[in-house]
Amino acid sequence: MYEQRAEELGIPAGDYSALILALVHGLDVPEYISKKLNPDQLRLLEVEVQNASQRTAQLAKGA
């Protein structure tokens, strides 16, 4: 799945991993990666990560 998602974004799997880790931990996306993505792709990923974090928090609370 990770390789497929990276391919969809047009970046190597390692860059995809670094991108997701940065977003999950609230860090800046490395510039060498953000230059490879269009702004819409990055915004969509930010929303996806935020939604996943909210779902995880709800599961942790037993909701």
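- Taking the salt bridge (charged side-chain N to carboxylate O under 4.0 Å, His left out) definition, one finds that E3 meets it with nothing, sequence neighbours left out.
- In the hydrophobic cluster analysis, where Ile, Leu, Val, Met, Phe, Trp and Tyr join through side-chain heavy atoms closer than 4.5 angstrom, L44 is grouped apart from M1.
- Y2 and I33 fall within a single hydrophobic cluster, where Ile, Leu, Val, Met, Phe, Trp and Tyr are joined by side-chain heavy atoms under 4.5 Å apart, directly or via other members.
- Residues that satisfy the side-chain contact (heavy atoms from CB on, under 4.5 Å) test with D28, not counting sequence neighbours, are absent from this structure.
- Interatomic distance, CD of Q54 versus CD of Q58, reported as 7.0 Å (0.5 Å rounding).
- Annotation: side-chain hydrogen bond (donor to acceptor under 3.5 Å, both in side chains) contacts of R5 (sequence neighbours excluded): E8, E48.
- Contacts of E7 classified as side-chain contact (heavy atoms from CB on, under 4.5 Å), with partners at least two apart in sequence or in another chain: none.
- A heavy-atom distance below 4.5 Å is found between the side chains of L45 and L9.
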Do any side-chain atoms of residues 11-23 form donor-acceptor pairs under 3.5 angstrom with protein atoms, and if so which ones, sequence neighbours left out?
{"unit_1": "D15", "atom_1": "OD2", "unit_2": "K36", "atom_2": "NZ", "d": "2.6"}
{"unit_1": "S17", "atom_1": "OG", "unit_2": "A13", "atom_2": "O", "d": "3.2"}

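- Checked against side-chain hydrogen bond (donor to acceptor under 3.5 Å, both in side chains), N51 has no partners two or more places apart in sequence or in another chain.
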